[in-house]
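All remarks here apply to the structure that follows.
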Amino acid sequence: MSSSAPAPARANDFIRDIINSDLEADRHNKVITRFPPEPNGFLHIGHAKSICLNFGLALEYRDKLPDSGTRCHLRFDDTDPVKEDTLFEDGIQEDVRWLGFNWDGLYHASDYFDKMYDYAEHLIKTGKAYVCSLSDAEIKSHRGTVTAAGTNSPYRERSVDESLDLFKRMRNGEFSDGEHVLRAKIDMANANMKMRDPLLYRIRKTAHHMTGDTWCIYPMYDYAHPISDAIEGITHSICTLEFENNRELYDWVIDNLIDYAQFPSRPHQYEFARLNLNYTVMSKRRLLELVEGKHVSGWDDPRLPTIAGLRRRGYTPESIRAFCASVGVAKANSTVDMAQLEFCIRDDLNQKAPRVLAVLKPLRVVIENYPEADVEELDASYWPHDVPKEGSRKVPFCRELYIEQDDFMLDAPKDYYRLAPGKEVRLRYSYCITCTDVVKDATGNVTEIRCTYDPETMGKNPEGRKVKGTIHWVSARHAVDAEVRLYDRLLSEEAPPAGKDSEFINAINPSALTVLSGCKLERSLAEAKPGERFQFERQGYFIADVKDSRPAAPVFNRIVTLKDSWARAQKK
Ligand code: ATP
Ligand code: MG
């Protein structure tokens with residue numbers, strides 16, 4: 001396996017402790033993990049945590065155990081043809097690769113449908129499984145509760161021959177969906193409800209994206225997963241905490257397989273805490289609802305926590321890997337603050353994104369004492385002093401400029417260090433200007449500012465005057481018009497409301513997307529390539545949108561603001 005970048009250094013966690021002790025005790029001489037997504041949606045940042053863990057372990061232990069066969073598989077858990085699709089498989093592969101990982105083998109649970117069927121027949125023959133003909137609702141009502149034992153199915157004592165015959169006929173398509181199921185014969189009074197004769201197979205007369213019409217019965221996750229792990233020789237089968245109760249069933253399936261002794265190793269399941277993030281939603285069901293209900297533009301909408309959305313938003317794979325490393329691997333569920341993810345992208349882009357000038361809400365400035373025909377090409381460094389990189393471009397300066405509307409105030413308080421009537425401010429890389437007059441429209445809005453510049457102030461402070469503020473600007477004549485999409489958190493509440501499922505829709509942050517048109521970018525950005533990232537000075541980090549940006553008509557997405565503006569707004 002290879003990775004485009006080494007995994008960030010991390011402290012040991014309980015999974016690594018388990019692996020280390022397995023290696024020390026010679027229980028294993030290699031580490032084989034898998035990432036097992038169901039191809040029924042796109043991956044989200046929670047999956048990234050699992051990807052970094054599974055692929056990261058294989059990378060780490062391959063370094064320690066060269067030539068041992070240590071590896072990580074990508075396995076599609078494709079046991080439900082109703083919701084699954086090749087389109088999602090393609091998206092998932094793209095996302096895993098983009099995160100910087102490569103699998104040592106692409107597998108499908110459906111690769112093993114034949115074996116799973118054989119094992120099921122074996123379970124029936126050994127009296128460990130039976131065909132049950134109760135309806136879904138009846139099965140549910142027989143299951144009991146956490147405090148009350150369930151009731152045996154009237155079909156539980158069906159003869160082996162009858163069950164075998166029915167199971168074969170289920171496979172041959174003689175029955176319709178829901179008429180029969182195959183169940184493990186375990187214990188309807190088991191304290192663990194997962195062990196109360198769980199379903200192993202159900203009828204689904206639906207074509208499968210990999211196996212077509214070959215099958216009309218499909219194995220359940222709890223049956224398919226341990227078998228797939230065993231066949232692939234997975235040593236450490238890592239999943240999220242919700243599957244803690246399924247572990248007993250996982251072990252039951254493994255222990256009751258006919259040729260368990262022939263498997264390369266006996267896999268064990270370990271559970272870790274899933275990633276939860278505030279101000280967003282993370283379950284595929286809810287993401288699907290947002291996409292299908294057209295609340296967002298698609299799976300790659302930059303408001304979504306999907307990998308595709310984060311990528312389009314402008315997040316880097318390095319920032320997501322660093323975030324996953326910073327979250328760590330623990331056994332207790334918790335919610336991580338979105339600010340932690342935002343910190344990671346700022347931290348990464350600080351070293352990577354050239355600084356440029358862009359005015360998002362333009363206000364025209366005329367410098368009355370600057371000659372109309374003149375243009376000065378000013379040298380502007382792409383990097384601040386604390387980033388050890390070199391490179392600069394020329395920014396043109398002339399008589400008419402744009403500044404940010406927010407950098408001007410008609411009645412400014414004393415400690416306002418930007419532009420106001422009678423006040424002086426420095427223009428980044430350029431002169432100091434003083435506001436001498438304003439032009440207003442019929443309703444009293446300021447539409448233009450009149451200024452004078454001091455030719456002595458280029459690159460140095462004016463004699464005897466302190467100019468505290470520096471603002472950004474672009475030359476009006478050279479500016480490139482652009483659309484800028486300001487993205488913010490998906491939800492305006494920390495946690496989506498519990499209770500009725502779709503209610504989280506009401507918590508969508510109305511300002512999660514603000515589209516600005518007629519923004520004025522510095523000349524050099526006319527050349528920005530889709531996917532290029534910049535820091536717009538004093539504004540934040542932005543990326544030229546990969547889908548919509550064009551050379552002469554750039555479209556930029558705000559990746560993240562420069563400071564944690566959310567925390568400040570909340571405090572107010
Ligand atoms: P969701 O619950 O978000 O709808 P899922 O669990 O159904 O997702 P799968 O495709 O089954 O999605 O997940 C593939 C792997 O990713 C599983 O091993 C699962 O445990 C892991 N995973 C899913 N969500 C998270 C999360 N939030 N944090 C960490 N791992 C996750
Ligand atoms: Mg799942």
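These values consider heavy atoms only, across backbone and side chains, with no hydrogens, waters or symmetry-generated copies. Counting convention: from 1, in listed order, for ligands and their atoms alike.
Cation-pi geometry between Arg204 and Tyr218 is not satisfied (NZ or CZ under 6.0 Å from the ring centre, within 45° of the ring normal).
With ligand atoms numbered from 1 in the order given, ligand 1 contributes 16 (O), 21 (C), 30 (N) to contacts under 4.0 Å with heavy atoms of Ser50. Atoms of ligand 1 lying under 4.0 Å from any heavy atom of Glu38, numbered from 1 in the order shown and given with element: 9 (P), 10 (O). Shown in contact with Pro36 at under 4.0 Å from a heavy atom are these atoms of ligand 1, numbered in order with element: 14 (C), 18 (O). Applying the 4.0 Å criterion to heavy atoms of His44 picks out, from ligand 1, the atoms 3 (O), 24 (N), 27 (N). In the vicinity of Pro37, heavy-atom distances shorter than 4.0 Å reach the ligand 1 atoms 10 (O), 14 (C). The Met282 neighbourhood of ligand 1 comprises atoms 3 (O), with distances under 4.0 Å to a heavy atom of that residue.
Polar contact with ligand 1: present for Gly46 (N/O pair, distance under 3.5 Å). Residue Ser283 has no N or O atom closer than 3.5 Å to an N or O atom of ligand 1.
Listed by chain and residue number, nothing satisfies the ring pair (Phe, Tyr, Trp, His ring centres under 6.0 Å) test with Tyr487 (two or more places apart in sequence, or in another chain). Evaluation of the ring pair (Phe, Tyr, Trp, His ring centres under 6.0 Å) rule for Tyr223 yields Tyr201 as partners, not counting sequence neighbours.
Nearest-residue assignment for atom 20 (O) of ligand 1 (options Ile238, Leu53, Thr240, Asn276; heavy-atom criterion): Thr240.
Within the structure, the closest approach of Glu242 to ligand 1 does not fall below 4.0 Å when heavy atoms are considered.
Salt bridge annotation for Arg16-Glu60: present, with a cationic side-chain nitrogen under 4.0 angstrom from a carboxylate oxygen.
Note: Phe101 and Phe55 meet the aromatic proximity criterion, with ring centroids under 6.0 Å apart. The six-membered or imidazole ring of Tyr155 lies away from that of His180, with a centre-to-centre distance of 6.0 Å or more.
The local environment of CG in Asp213 is sparse, with at most 12 non-hydrogen atoms from other residues, nucleotides or ligands closer than 6.0 Å.
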